[in-house]
Structures are given as structure tokens and as C-alpha cells.
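See below for the structure under consideration.
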Amino acid sequence: MVRDIRITGTGQLIELSARLRRAGHENIRSSFQRRLRRAAEPLRNDLQSAIRGLDIRSQGRAAGKRGGPSPTTRPLRIAIADAIRISVRTTGNPGARVWLDRSQLPSDIPASLVERLNEGRVRHPVFANRRRWAQQNANPGWWDRTVRSHTGRITSEVERVADDVRRRLE
């Protein structure tokens, strides 16, 4: 699984970052940062929509087996969607990054669960009973597919923003 997507470290962005620092144009720098964030927002929104709409299926209960209410108070997919973030830097290693903020996940959701969902198969203990396990399946590649569909658009948008900023600095 691609853990995050980064459009960073390209020669153009590093060179522009240095020129922005030397020029001291705060309004150009904030515009640069805002436009980089705006380029990454559709990806974040689509990743959030993809996880919210992800079909997670289980094998179901066998006849005569007991069941019960979920021990958690919030839905899994919404919690994951709310943890997807954007970071933008204009200094050092400039660029935009869309990532899953594991610190925003509830403590009972392991970080590896998101990777397992992307692989399409989640195996977990039933109500924390380590002697009883269940398997749930999802459509594999929800993160990877979404990132791949946006990579070309984001790259061209970042190049366009870099060209605009370069023109403003000249």
C-alpha cells in the first residue's frame, strides 16, 4: 500500500523555495502554499469518500451462533476518513503530502488495519476474544487506486503553480 502520496523534492520546488526565502515575499509564499494545498484537496476528499463507501463484508454468523451489538461507539470507516490529512511545506523539502494521521485514529483501531483494508482482507478477534477469529473482506486497493487516479492531475497542477510563482518572482 502506498502509505501517503508526496509531490515533493522536485528540483523546481526546491529551487523555488530558496528563491522565495531570499525574496522574502510573504504573500507569494502563502499563495504558493495555499495553491499546493488546493491541488491536494481533491485527492484527500476522494480518499475520504472511498473509505466511507467501502463495502466491508463478513461471512456472517452460523445458525445458532450468538451475536450482539458492536462494542464501539463510532463507525470504523468514518473514523478512518476523519484521520486523512494534508500537509504542505514551502521550506526544506517543499511539497504537498496526503497521509493517514494514525494519532487521530481511536486507540482500539490498530494502524495496520488500514493497510489490511487496502489489501482487501481483515482478520480480527471476535469482541477481543483471542480464541475466536473472524475474517472480513473489502474491495482491495481503495487507497492505491484513488492515489493513482489523481497522481497525473496533481503533478501537472504543482508544475503549473511552480511556473506561476517563478514568473511572479522574475
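Counting only N and O atoms by type, the side chains of Asp46 and Gln48 include no donor and acceptor under 3.5 Å apart. Side chains of Gln104 and Arg85: a donor on one and an acceptor on the other come within 3.5 Å.
Leu100 is listed as a side-chain neighbour of Leu105, based on a closest heavy-atom distance under 4.5 Å. Inter-residue side-chain proximity for Pro125 and Arg130 is flagged as met; some heavy-atom pair is nearer than 4.5 Å. Taking 4.5 Å as the limit, some side-chain heavy atom of Leu117 sits within range of a side-chain heavy atom of Ile51. Between Arg35 and Asp164, the closest side-chain pair of non-hydrogen atoms falls below 4.5 Å. Here the side chains of Gln136 and Arg57 are not in contact, with every heavy-atom distance at 4.5 Å or above. The shortest side-chain heavy-atom distance between Val88 and Ile86 falls under the 4.5 Å cut-off. For the pair Asp144 and Asn118, the minimum side-chain heavy-atom distance is below 4.5 Å. Side-chain contact check for Arg153 versus Pro42: some heavy-atom pair is nearer than 4.5 Å.
Taking CD of Gln135 as the reference point, atom NE2 of His124 lies at 9.0 Å (rounded to 0.5 Å). Interatomic distance, Leu113 CG to Ile80 CD1, rounded to the nearest 0.5 Å: 5.0 Å. Annotation: the span from Glu159 atom CD to Ile154 atom CD1 amounts to 12.5 Å, rounded to 0.5 Å. Here the straight-line distance linking atom CG of Asp108 with atom CG of Leu76 works out to 9.0 Å at 0.5 Å rounding.
By the criterion of side-chain heavy atoms lying less than 4.5 angstrom apart, applied directly or through intervening Ile, Leu, Val, Met, Phe, Trp or Tyr residues, Leu47 is grouped together with Ile56 in one hydrophobic cluster.
Arg38 has no carboxylate O lying under 4.0 Å from a charged side-chain N of Glu41, or vice versa, which leaves the two without a salt bridge. A salt bridge between Arg77 and Asp82 is absent, with no side-chain N of the basic residue lying under 4.0 Å from a carboxylate O of the acidic one.
No donor-acceptor distance shorter than 3.5 angstrom exists from the side chain of Arg44 to the backbone of Ile84, with no hydrogens or angles considered. Side-chain atoms of Trp142 never come within 3.5 Å of backbone atoms of Asn139 as a donor-acceptor pair (strictly under, hydrogens ignored).
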